[in-house]
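Quick notes on the structure that follows.
Values reported hereafter were calculated over all heavy atoms of this structure, with side chains retained and with hydrogens, waters and symmetry mates removed. Counting starts at 1 for both ligands and their atoms, following the listed order.
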Amino acid sequence: MKTATKASLKQQIEKLRERIRHHEHLYYVLDAPEISDAEFDRLMERLKQLEAQGPDLITPDSPTQRVGGKPREGLVQVRHSVQMLSLDNTYSEEELRDFDRRVRQGAGKKKVEYVAELKLDGMSMAVHYENRMLAKAVTRGDGRMGEDVTENARTIRALPLSLAEAPLTAARLPADLEVRGEVIMTQKAFVRLNEEREQAGLSRFANPRNAAAGSIRMLEPGIVAKRHLNYVAYMLLDKGHVPLAEQIQVLEALTTLGFKASPHQFCSDIDEALEFCREWEKKRDSLPYEIDGIVIKVNSIALQDELGTTAKAPRWAVAYKYAARQAVTRVLDIRVHVGRTGTLTPVAILEPVAIGGVTVSRSTLHNEDEIRRLGLKIGDAVVVERGGDVIPKVVRVETSERAKHAHKLREFAMPKQCPVCGGKVVREEGEVAWRCINVNCPARLKESIRHFASRKAMDINGLGEALVDQLVDSGLIRDVADIYRLNEETLANLERMGRKSAQNRIAEIEKSREKPLDRLIFALGIRFIGERTATLLADHFGSLDQLEKASLEELEAVSEVGPKVATSIHSFFREPRNQQLLEDLRKYIQFEQKKRAVKGTALAGKSFVLTGTLEKYTREEAKDKIEQAGGHVTSSVSKKTDYVVAGADPGSKLDKAQALGIKVIGEKELEELLSKS
Ligand code: IVH
């Protein structure tokens with residue numbers, strides 16, 4: 001390759017890497033993604049292609065190098081630079097005030113400043129950067145020795161693979177640093193993982209903490225990458241010492257270095273820290289991940305050093321633990337629910353009980369094995385918890401209560417026939433679930449119609465549980481295509497349905513015919529196909545016809561699709577009943593992916609930032625237009641921005657553009673640029 005082309009390739013690669021890092025940061029650190037997963041995957045694909053053209057340009061901190069490691073035999077033990085301590089716990093205001101008293105006494109001060117931070121419920125991990133590059137990641141282990149999980153940690157997209165030079169210099173930090181924090185799994189990733197495991201016949205993780213801890217210690221980085229772990233940092237060390245004067249500065253430095261720092265607040269005394277604890281106890285449900293309390297730390301690092309540690313925990317920090325959201329109630333009955341794939345799920349009907357402000361009256365028991373594991377009988381008193389799953393779960397049986405109710409207890413047995421259609425049920429080898437195999441089972445039909453109409457699928461508002469029951473029970477709907485054969489007349493004749501609401505529902509059904517392909521694929525309810533896989537498939541194949549025709553090999557070529565998923569899709573489309581259904585659906589629904597067409601290349605490679613209000617377009621419209629002309633829009637101004645488009649009342653982005661000498665244009669000039677495309 002000629003030097004000039006090589007130089008331009010290098011430049012392209014670096015630009016793309018920056019773009020990808022920016023989106024990783026937006027998604028995993030700031031929880032504010034600006035592009036879809038599919039778009040992100042496209043950028044990664046492009047980078048892989050470019051790097052393949054110049055393999056010597058690949059650097060260890062390239063986003064493509066997150067999953068490079070090979071499966072290992074076992075984990076290697078590593079000694080920590082300084083012990084990873086635990087924390088003492090407090091459970092009440094009084095205990096927290098005792099802590100403050102001890103600290104003030106030790107410091108010889110009337111008032112001490114603190115930093116209050118969320119206590120994340122995960123697994124702690126130290127990450128070492130050498131010469132700005134991520135060099136090693138070690139789990140807490142017993143505090144002195146941990147396990148080397150570097151290859152797995154590299155897959156965590158909230159962890160920078162290298163530290164940028166500018167913020168290090170600005171904070172006067174060295175190029176060799178150790179960051180400590182918590183590996184966590186968000187509720188969303190946890191629920192998804194458990195769903196996948198359940199579908200694959202594997203056992204569920206009890207909570208996000210176990211899932212995170214189990215995942216980071218796995219031997220195959222390729223699988224860890226799919227677990228979507230996250231990392232929240234709370235400590236910075238330089239050769240075992242905190243290199244800054246205050247904990248609040250540590251958290252600020254972590255943020256500027258690109259980490260997600262534990263959400264926190266500076267507190268000028270213990271009263272403010274208590275206020276923070278109370279506030280978050282109320283707000284904890286709104287977080288995307290689990291916390292089990294608040295950590296209160298002395299702000300001054302000098303004072304921390306002075307107070308020192310005990311063998312187990314620092315004297316300068318304490319955990320204020322929240323009570324687990326549990327309650328005791330009684331199992332009134334166990335009913336068996338039949339899902340859309342025919343899976344029989346036992347559900348505990350509970351005496352209603354309030355847990356963390358929510359009334360709970362039923363809880364899934366997942367499967368027969370789970371009931372056996374709990375040793376649960378109908379009539380038992382049980383402890384119910386609202387954990388990371390949000391869905392309440394039965395944690396254990398209160399056996400001490402048994403004596404009083406022994407005569408009322410009943411054993412539960414899984415039915416030998418489908419409780420809805422009376423058909424045969426089977427438990428396939430290696431699976432935990434029993435399934436009804438009658439494809440015409442009304443329970444399966446109702447569930448599949450509900451799924452088809454659900455918000456994340458075809459989003460047919462008003463086609464809820466009661467109406468689906470009514471339509472199936474009266475024989476008006478025998479498959480999902482029948483939805484599109486309904487008319488106002490038929491609906492208006494149903495019990496409890498007026499003309500107006502019949503009209504609204506038909507309008508909703510009409511609207512759903514325009515839904516994009518990924519929703520349709522998800523709506524079909526193919527086994528193992530969740531929303532994300534549906535999007536990947538839609539992007540890859542572009543139409544349902546192409547997907548239908550795809551061979552097993554072609555299906556496996558789609559990222560994240562393995563043999564099990566490929567087989568499921570393949571056999572779905574080869575089942576005569578499904579083929580008939582699709583033939584039928586084709587009359588009503590568009591089977592093509594509607595892509596945002598790129599109409600021109602006038603703005604190819606140009607980066608725009610929008611600020612202020614435009615007259616003719618909303619931000620979304622302006623963004624669309626720019627993208628159609630081949631350009632892209634980012635949220636913040638940097639040296640790499642080509643144009644800042646300023647409307648009325650522009651914000652600080654305009655100042656920044658001027659400071660960096662970036663070209664600022666108005667709406668008219670934007671239109672001129674667009675008209676060239
Ligand atoms: S500070 C010496 N800060 O809680 C200081 N720990 O129960 C010890 N944790 O092992 C750690 N969030 O894994 C600290 N903001 C936070 C934390 C936090 C979660 C975990 C950490 C620690 C455990 C102690």
Side-chain angles (χ1 to χ4, degrees), residues 80-91 95-96 99 103 114-127 137-147 149 153 156 158 178-186 207-214 216-217 229-237 240-242 244 246-255 259-267 273 276-277 280-281 284 287-301 303-324 388:
H80 287 296
S81 61
V82 281
Q83 198 183 342
M84 283 185 91
L85 294 167
S86 176
L87 289 167
D88 286 330
N89 292 328
T90 61
Y91 297 91
E95 283 179 309
L96 195 56
F99 161 77
V103 168
Y114 295 102
V115 174
E117 298 169 18
L118 299 193
K119 185 171 185 311
L120 300 128
D121 205 5
M123 161 108 167
S124 44
M125 181 174 82
V127 188
V138 189
T139 60
R140 177 172 184 274
D142 66 2
R144 291 174 199 281
M145 299 283 283
E147 285 157 332
V149 289
I156 304 178
E178 179 180 345
V179 172
R180 288 184 176 182
E182 203 82 351
V183 177
I184 56 165
M185 192 180 277
T186 59
N207 50 49
R209 175 173 22 88
N210 290 4
I216 196 66
R217 298 185 62 253
L229 293 172
N230 213 314
Y231 187 77
V232 180
Y234 48 71
M235 201 176 210
L236 199 52
L237 295 171
H241 297 282
V242 181
L244 293 160
E246 296 179 358
Q247 171 63 8
I248 193 82
Q249 292 169 350
V250 168
L251 295 165
E252 278 158 14
L254 285 167
T255 309
F259 293 89
K260 189 203 274 273
S262 179
H264 58 272
Q265 186 178 296
F266 171 84
C267 306
F276 186 82
C277 296
W280 276 103
E281 183 144 29
R284 66 194 282 210
L287 285 165
Y289 43 75
E290 282 272 286
I291 58 169
D292 60 343
I294 301 293
V295 185
I296 292 135
K297 299 177 182 172
V298 166
N299 184 38
S300 153
I301 304 297
L303 182 50
Q304 288 186 3
D305 289 343
E306 205 179 310
L307 291 165
T309 72
T310 66
K312 205 184 117 261
R315 290 198 190 87
W316 46 265
V318 80
Y320 177 87
K321 296 271 278 191
Y322 291 144

Those atoms of ligand 1 less than 4.0 Å from some heavy atom in [X]:
{"X": "Glu117", "value": "3 (N), 15 (N), 16 (C)"}
{"X": "Leu85", "value": "2 (C), 8 (C), 10 (O)"}
{"X": "Ser262", "value": "15 (N)"}

Donor-acceptor contact below 3.5 Å, side chain [X] vs main chain [Y]:
{"X": "Tyr234", "Y": "Lys119", "answer": "no"}
{"X": "Ser86", "Y": "Lys312", "answer": "no"}
{"X": "Thr90", "Y": "Ala319", "answer": "yes"}
{"X": "Glu178", "Y": "Met235", "answer": "no"}
{"X": "Tyr231", "Y": "Met125", "answer": "yes"}
{"X": "Arg315", "Y": "Leu307", "answer": "yes"}

Tell me, which protein residue and heavy-atom name are nearest atom 12 (N) of ligand 1, and how many Å apart are they?
->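 So the nearest neighbour among protein heavy atoms is Leu120 N, 3.1 Å.
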For atom 16 (C) of ligand 1, which protein heavy atom lies nearest, and how many Å away is it?
->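 Heavy-atom neighbour on the protein nearest atom 16 (C) of ligand 1: Tyr234 CD2, 3.3 Å.
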Closest to atom 3 (N) of ligand 1 (judged by heavy-atom distance), picking from Glu182, Lys119, Arg140, Lys297 |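 Shortest heavy-atom distance from atom 3 (N) of ligand 1: Lys297.
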Relative to atom 24 (C) of ligand 1, which among Ile294, Asp88, Val295, Leu87 owns the nearest non-hydrogen atom?
->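 When every heavy atom of Ile294, Asp88, Val295, Leu87 is considered, Leu87 comes closest to atom 24 (C) of ligand 1.
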Short N/O distance, under 3.5 Å, between Pro314 and ligand 1?
->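 There is no such contact.
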Will you find, in the side chains of Gln247 and Glu117, an N or O donor that is under 3.5 Å from an N or O acceptor?
->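 Yes, side-chain donor-acceptor contact under 3.5 Å.
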Specify side chain, backbone, both or neither for Leu118, according to which of its non-hydrogen atoms lie closer than 4.0 Å to ligand 1.
->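 Looking at Leu118 and ligand 1, just backbone atoms fall under 4.0 Å.
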